[in-house]
Structures are given as C-alpha cells and as structure tokens.
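Following: one structure in structure tokens, then a few remarks.
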Number of protein chains: 4
Amino acid sequence: MSEAAKEPRWERRKQDRPQELLAAALQLFVERGYAATRLEDVATRAGVSKGTLYLYFENKESLFKSVVRANMLPLLDEAEAMVDNHAGSSAELLRELITGWWQAAKHSGLTGISKLMMAESGNFPELARFYHEEIILRSDAMVVRMLERGMARGEFRQIDAEAMKKVIVAPVVMLMLWDQSFGPCSITPIDPQAYLTSLIDLCINGLKA
Amino acid sequence: MSEAAKEPRWERRKQDRPQELLAAALQLFVERGYAATRLEDVATRAGVSKGTLYLYFENKESLFKSVVRANMLPLLDEAEAMVDNHAGSSAELLRELITGWWQAAKHSGLTGISKLMMAESGNFPELARFYHEEIILRSDAMVVRMLERGMARGEFRQIDAEAMKKVIVAPVVMLMLWDQSFGPCSITPIDPQAYLTSLIDLCINGLKA
Amino acid sequence: MSEAAKEPRWERRKQDRPQELLAAALQLFVERGYAATRLEDVATRAGVSKGTLYLYFENKESLFKSVVRANMLPLLDEAEAMVDNHAGSSAELLRELITGWWQAAKHSGLTGISKLMMAESGNFPELARFYHEEIILRSDAMVVRMLERGMARGEFRQIDAEAMKKVIVAPVVMLMLWDQSFGPCSITPIDPQAYLTSLIDLCINGLKA
Amino acid sequence: MSEAAKEPRWERRKQDRPQELLAAALQLFVERGYAATRLEDVATRAGVSKGTLYLYFENKESLFKSVVRANMLPLLDEAEAMVDNHAGSSAELLRELITGWWQAAKHSGLTGISKLMMAESGNFPELARFYHEEIILRSDAMVVRMLERGMARGEFRQIDAEAMKKVIVAPVVMLMLWDQSFGPCSITPIDPQAYLTSLIDLCINGLKA
DNA sequence: TATGAATGAGGCTTCATTCAT
DNA sequence: CATGAATGAAGCCTCATTCAT
C-alpha cells in the first residue's frame, strides 16, 4: 500500500523513546563516564532533540540511574536457574556457568554497567549499594553454590568456597571490563574464547578432587 | 642553629609542591573520575591556591597525564627482577610474584591508576596506549616467563601460557579495582589475604604437572 | 427533552473556552507575575491541553493583553453614572462611591488587574498606557467631579481637587493590592469593612466645610 | 603622578562589589520583576561578568533575598525615633512623619523594595513574611503611636487608631508604587510635593479634635 | 612564587511554540 | 477543534583558566 510508505521515518513512536534513550545513554556513559557525557549527545544519538529527553527522565542523574537499573535487573535469573537445575558433572556446570555468564553479559548491557559502576561508584553510593546487592552478592552466591555442589558430590576437593568465589568471578568480570575499556582502544585485543577456555581449564584442574 | 630557626619543620618546602599536588590529584581523580574532579579541590587538598597549580602544570589534562605517568613508571622493575632471579620452585615463585605484586601496587599508587585507566581509557587513548605498553604488556610478559619457567622445569603441566597469562593477572587487577571502587563504599569489604591465598592455591593446583 | 440528553451539564461548551482560559490566566498572572506563569499551568487550570491555548490566543503576550483588556473594560460605567446622577449629599455620594468602587473591583477582576499592571507596567508600556487612560484617568476624573460637586454645593471646603484626587483613590487601590498580594499570604489579613469605614470617616471629616 | 593614572578603571575593589551588585540588582528587579531579570544584565550593569556574581551570591534567589534584606533593614529607626521624641504638636508630627517617611524611602531603596514585594510576595512567601514583620508591622505601629499621642493630648478627635493606621499609610505606599511603576512610564507624572501636601491637609483636617 | 578575584565558554534545564494526528 | 510529543532558544550555573598584585 502506498499508505505504508507515508509513515517511514518521521513517525513518532512514543513507547519506544525511553528504550532508545536508555540505549544511547548506556553507550555514552560507558564510553566517556557520567560527567563527560553530554545530554545533547545522548539525545542526538537517540535521534531526538535535547528537550525530548526531559519528557522521559527528570534530569541527568535520573537518566543515569534508570540506565543502571534497566540494564541490571533482568539478568541473573537464567544463570541462577542453570546452577540449581544442572544435571551433569560439576566441571560441566562450571564450564557452562562461566561461558553462559559471559554470553549473557555480552548480549545484555551488563559488561557496560559493570564498567560504569566501577568508575562511578564513588559518585553514586546508593547505586553502588544497589549494584552490590543485585549483582555482586547474587553472582557470588551462585558461584558458592556451584562450588559446594562440587565438593558435596566429591568432584571438587575441599576448599574455602567463600574465599574462592571472588577468585573465580574476578576473571569473568575483568573480561567485561577489558572488553569495555581497552577493547575499543583495540590494542592487542583479547580473544574471549581462548581466555575463557584457559580460565575454565585452570579452575577445573585447580578444583578437582 | 640559626638555620633551623629559618626553616621550622612545619614549613612546606617549595620543591615538595608538585608531589603534594600529584598526590592530591591522584586521590581525587581516582575517587571521582577525571571530569568530576575540580582543580580547586585538588589545590585545596594540597594546601595551595588554585592559581598555584598552574605554576606546576599547564592545565587539567597535563596534570592528569602527569599523575598517571608519575605513578606508573617506577613500578615493575622489582617484580621483573624477582622473576628472572628466583631460585626456588615455580610454585614458590608464583606465590611471591602475586603477593609481591599486590604489595607493591598497594603501596605505590598503582591500584588507583589502574582504576583510573579503566574508567578513562576511552577519554585518553594516548594514555591508554602508554598504560598498555608500560604496565599491561610488561606484567603479562612477566607472567608468561614465570609460566614457561615452570613448564621448562617440569613443575607445571603443559599449557598455553599466552592464553593463561591474563587469567592469572585478572584476579590481581580485580583486587585493585575492588579496593578502589567498592572498597571505600565499604559494603562487605574483601579480605585481600584470604583472597590471594585462594588465588594462589587455585593456580598452583591448577597448573601443577 | 432529547436535547438535554445530548448536552449534559458537565460538558464543557466550546464557546466558553476563551473565558475559562482568560480566567485561569488572570489567576496565575496575578499570583505569580507574567514571566513566572507557565502556559501549561494556565491550560491545565482551564482544563484543556497546552496546544488548545494556541487555538484561541496567538501567544503568551497576546494572552496577557487579552486578560488585561477583558477585565479592564467593563468597569467604570456604573461608578461614573453614580457620580453624575447622585441626588443625596456629597458625603453620602463619597461613601457610596468608595464602597461601590471596592465592591465592583472585588467582583470583577479589577483588583487582580491592578496588581498586575503595578508589577508589569515596566515590561508592557503600551498596556500601562492603556490602563492609565482607561482606568486611572477616568477614576481620577470621577473623583474630581465628586469633589467639585461637594465644593459647589458648599458641603466640602475649598481644596485643590486635582491634587486631592489621587490621595483619595490611593487607599482604595492599596486595598486592592493588599488583597491580591499579602492577602493570600494571610498574615494579619486586613478587614476591608473597617478599613473603608475609617477611610470614609477621614475623608468626610477632612473635607467638610 | 603618572602612577595614579596607571590604575584608573581596571582596579578591582573587592569590598565594593557586593554593594554594586546589589544596587544593580535592585534596579533591574524593580524594573522587570524577578523572573524577567537576567543575571547577566545585573552583572553587566554592575560592570562585572556573569561569573563574578557567583563569587558573592549563591544563586539568583539568594541575590534577590539579599537585595530585599539589605535595603529593608536600616530604615525605620529614624522614623520611629522621630515619633517617640517629637516635642511639637501632633499635627506637626504627622506632617514630619509623612514627609520624612517619603524622603527616607525615596533615598533608600524602599520605594523599589515595596513594589518588588507587592509583585513577588506570591513567589517568595518567606520574604513576604519577613517584609511584613520588619516593615509593615513596624510602620503601622508607628502610625498608631502617633495617632494615640494626638488623641491623648487632645489634639486629635477620638478614632479607632487600629483601623485608621492603614488608611494613613496607604497613600504614602501608593506614592512609592506609582513612583516605581508608572513613574518611569511618565504618563502624567505625579507631583509628590502637591500630593503629600494634600494628604497631610486631609489628615490634619480629618483628625483634628 | 603565590594568591584569589575575575572571566566566559559550555553544560543542564525550562518552557513557549509548533505540528502531525 | 483538540491533543501532546517534539523542538530549540534562552537562562542559570559551574569551573578551567588568566592575570594583576
């Protein structure tokens, strides 16, 4: 129909605006940091004007918090389900947990959010607390459950799971951060596949009974 | 002595000014990020006036670069010497390398610099490259030498040292970042000692032949 | 009747829109001043959307002028007729003039308009001139006629009516202004009845032959 | 000396700045109202740049409050002393009080402040309360004392001083407002001398025993 | 050297006005 | 006629930088 051609690019899609703005803001906040990100750039990247932003977010800080919350919340459920329902060996679970975690983080905005929180936690203590509770505590606990499952089944040797959890999480988080900070800089880019393979190899060998 | 009277110990010596400014700037840049750090706050924390800062540094960017360079340079020599001259077992070397690295980073400003570069690499590509070459490449290479020494001596199993190097460095760097970002937030602070012990335990068990 | 069903009483009739907008605008302009009044608030108070306002008024300035003119025009005729046709004593005329003036001003929007012109005359010189000619000159002249009538009839002593006119008008205008500015602030509100009684008492005693 | 010529107009007089800014702000706030006054215009009129204003006042509202307070406080003492210490007849006191009040108001910034408060009291309730207590209540009380003195000495007839006070104050205040609002508009300017003479004449005749 | 008053470019935010529906 | 999403000019405010002392 010729009518369909009538509404190509000038159509205003009110309901999509917040998503587009959040996506644009996430990119810029991650790239440049909170203070160095200009709202006009966010608006331009979302294809709207400066003023439009204020139809959906009260101010810059509110936009920032929305970016963090929107990208943080719908994330850990899948990984947690995997840990709790896994039927195979603990080595297999560990492998799937790490690779799955990275895949999920890569496709959602979590890699960017992690970098953002690392950089801005000092300026937004409430957000840092929120991030700590929603992401850090939950992912730590997930790893602990995985380790204890392995020890209970006799597949992993006896270790201090509480002390070990962050050691295992750390390389995954670092991969996210490198991906976001030095990745774009593109100096000897890291190969996530080989990196994760080595990590899993080290863990499985380092934990096996 | 009449000289002592001329120069009581509370008097700030002029030649210390740049160091005091760099120290103050490092703290604030790390806490708040580059853009959110006000030069007036840097000057105040260093005990001088805003104008004085410009007697020693051309501008804000120059101060930032000086901060990074001053804290980055005098760092890796000791660790490198340790790797090259170590006489004991490779497990022992690994342990000393990791704990020594953390100690050195903790006492120099490297933990802060690492956080800073992670946050600001997008805004300062030249600095990112400099950091990459001076810190990342050298520390990676150091770890590779350590791993190859272990394999050559039959103490470590055969692994892909190039792929493994970053896996081993990552937890140490993460410890620095946590220390700088969520540490001050003081939500369930991490215990570096237990953390490093677990890391070393994991590595030694994961690498042993 | 079927007509009644077609037009329930809660339905806003289109022809009332301009009046409702003018009324809402008058309130807000008087409360907050011209610059501090937002057109969105005017529209909301009138129960319409922001865009609708522009169907009836060209822009903010045009709305403001319409508010002033609409509330200014239909006012002095009654009072003027009273002065010219009064049959009683001049003291009685003075009493009725003052109380009648206040009543009319109170029930029309003139008290608000007076405050508005006092506040915004500097920003709207043409309006100020208009107000001066339509309100100030005419009411001054009315008072002059009243005074001259009293002197002509030997009821008032000989005074300079031209110089006295504003002295007599001033307390009435001040009552309007207090009513509009500090009235809502409600700090020791003024009692118009007692105030006007004192004013009339002072004038009659001060003018009597 | 040629040296004196060296520092003619570029000399920075830190201590005078606040006064110059307050004076410039008073003028513009009175002319245009609070919202319509641009801080850049205030700064320009004071001969400084936009940013300088913020060295002395926190923000626009703070400047506004400072303007009101600075011009309001040092004002009523003289008039009050006059009422309490006057030795002559009460008619004489009334004459001097009214003319003195006008002179003082004219030379201080009170005429402008009065107009400002009339226009902006709705937007600054706290200031309105402050103004009410510091200016209105005190000047009202002063007039009451004057009236009671006259009645006590048998020079004025018995009246309700409380109800009459505002009637006597009103014409003086109106003179201030006219002076500030329609005065600059310069349409048939009022002659303060003749106006006050008529006012005093009316009062003395209207109050005499 | 050291100071701190002054500057002005630039970012955040508001709101009068437009326009496609 | 009515709506309300969108625009962008304009004002407040911050802060890196300069400069006379």
Side-chain angles (χ1 to χ4, degrees), chain A residues 6-7 10-17 35-43 46-63, chain B residues 12 14-15 17 34-44 47-64, chain C residues 12 14-15 17 34-44 47-64, chain D residues 6-7 10-17 35-43 46-63:
Chain A
K6 269 187 193 170
E7 38 161 29
W10 50 262
E11 185 188 348
R12 305 285 178 242
R13 288 147 306 156
K14 175 189 164 193
Q15 66 233 12
D16 296 343
R17 281 287 140 74
T37 295
R38 296 176 10 187
L39 290 192
E40 184 155 22
D41 290 343
V42 173
V48 298
S49 79
K50 218 175 1 172
T52 300
L53 215 153
Y54 287 86
L55 297 177
Y56 301 98
F57 302 95
E58 205 181 346
N59 52 31
K60 190 179 186 179
E61 184 170 342
S62 160
L63 171 66
Chain B
R12 292 284 182 73
K14 295 165 187 173
Q15 66 262 21
R17 282 284 149 75
Y34 177 79
T37 295
R38 302 182 324 151
L39 291 193
E40 182 155 27
D41 290 343
V42 173
T44 299
V48 300
S49 78
K50 214 173 9 167
T52 301
L53 210 153
Y54 284 84
L55 297 174
Y56 298 98
F57 302 94
E58 200 182 347
N59 52 29
K60 190 180 185 180
E61 186 169 341
S62 157
L63 171 65
F64 181 73
Chain C
R12 293 285 180 73
K14 296 164 187 174
Q15 66 263 23
R17 283 285 149 75
Y34 177 79
T37 295
R38 303 183 323 151
L39 290 193
E40 183 156 25
D41 290 345
V42 173
T44 300
V48 299
S49 79
K50 214 174 7 168
T52 300
L53 211 154
Y54 284 84
L55 296 175
Y56 298 99
F57 302 95
E58 200 182 348
N59 52 31
K60 190 181 185 179
E61 186 169 341
S62 157
L63 171 65
F64 181 73
Chain D
K6 268 189 196 170
E7 37 161 30
W10 50 263
E11 185 187 347
R12 304 286 177 241
R13 288 146 305 156
K14 175 188 164 192
Q15 66 233 14
D16 296 343
R17 280 288 139 74
T37 295
R38 296 177 8 188
L39 290 191
E40 184 156 23
D41 290 343
V42 173
V48 299
S49 78
K50 215 174 7 171
T52 300
L53 215 153
Y54 288 87
L55 297 175
Y56 301 99
F57 303 95
E58 204 181 346
N59 51 31
K60 191 180 185 179
E61 184 169 341
S62 159
L63 172 65

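Protein chains get the first letters and strands the later ones, always in sequence-line order, with residue 1 at the start of each.
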Sugar-phosphate only, base, or nothing, as touched by B/Lys60 at under 4.0 Å among non-hydrogen atoms: sugar-phosphate

Distance in angstrom units between D/Asp41 CG and F/dG11 C1', rounded: 11 Å

Separation of atom CG in D/Leu63 from atom C1' in F/dG11, rounded to whole Å: 15 Å

Side chain of B/Tyr56 (C-beta onward), nearest among F/dC12, F/dT17, E/dA2: E/dA2

Rounded distance (Å) that lies between atom C1' of F/dC13 and atom CG of D/Leu55: 12 Å

5'-most by nearest nucleotide on DNA chain F - A/Val48 or B/Glu40: A/Val48

Distance, nearest 0.5 Å, that separates CG of C/Asn59 from CG of C/Leu63: 9.0 Å

Row check, B/Tyr34 ring normal vs B/Lys60 NZ/CZ: under 6.0 Å, within 45°: yes

Distance in angstrom units between C/Glu61 CD and E/dC15 C1', rounded: 16 Å

Earlier contact from the 5' end, DNA chain F, for D/Ala35 and C/Leu53: C/Leu53

Range-with-range stems for DNA chain F, at least three Watson-Crick or G-U pairs under 3.5 Å: E:2-21 with F:2-21

Side chain A/Thr52, main chain A/Val48, donor-acceptor under 3.5 Å: no

Proximity to the side chain of A/Leu39 - top-ranked nucleotide from E/dA6, E/dT13, E/dA16: E/dT13

A/Lys50 side chain, from C-beta outward: closest of F/dA6, F/dA10, E/dA6: F/dA10

Interatomic distance, C/Asn59 CG vs F/dA9 C1' [rounded to whole Å]: 16 Å

Separation of B/Lys50 NZ from B/Asp41 CG (nearest 0.5 Å): 10.0 Å

Rounded distance [0.5 Å steps], CG in C/Leu39 versus OH in C/Tyr54: 4.5 Å

Between E/dT14 (C1') and A/Glu58 (CD): distance, integer Å: 13 Å

Sugar-phosphate, base or nothing in reach of B/Thr37, heavy atoms under 4.0 Å: sugar-phosphate

CG on C/Leu53 to CZ on C/Arg17, rounded to 0.5 Å: 11.0 Å

Rounded distance (Å) that lies between atom P of E/dC15 and atom OH of C/Tyr54: 13 Å

Upstream residue (5' side of DNA chain E) when B/Thr52 and A/Arg38 are each assigned their closest nucleotide: B/Thr52

Closest approach of B/Ala35 to A/Ala35 (non-hydrogen atoms, all atoms of both residues): CB-CB, 3.4 Å

Shortest side-chain distance from A/Arg17, nucleotide among F/dA5, E/dT7, E/dA2: F/dA5

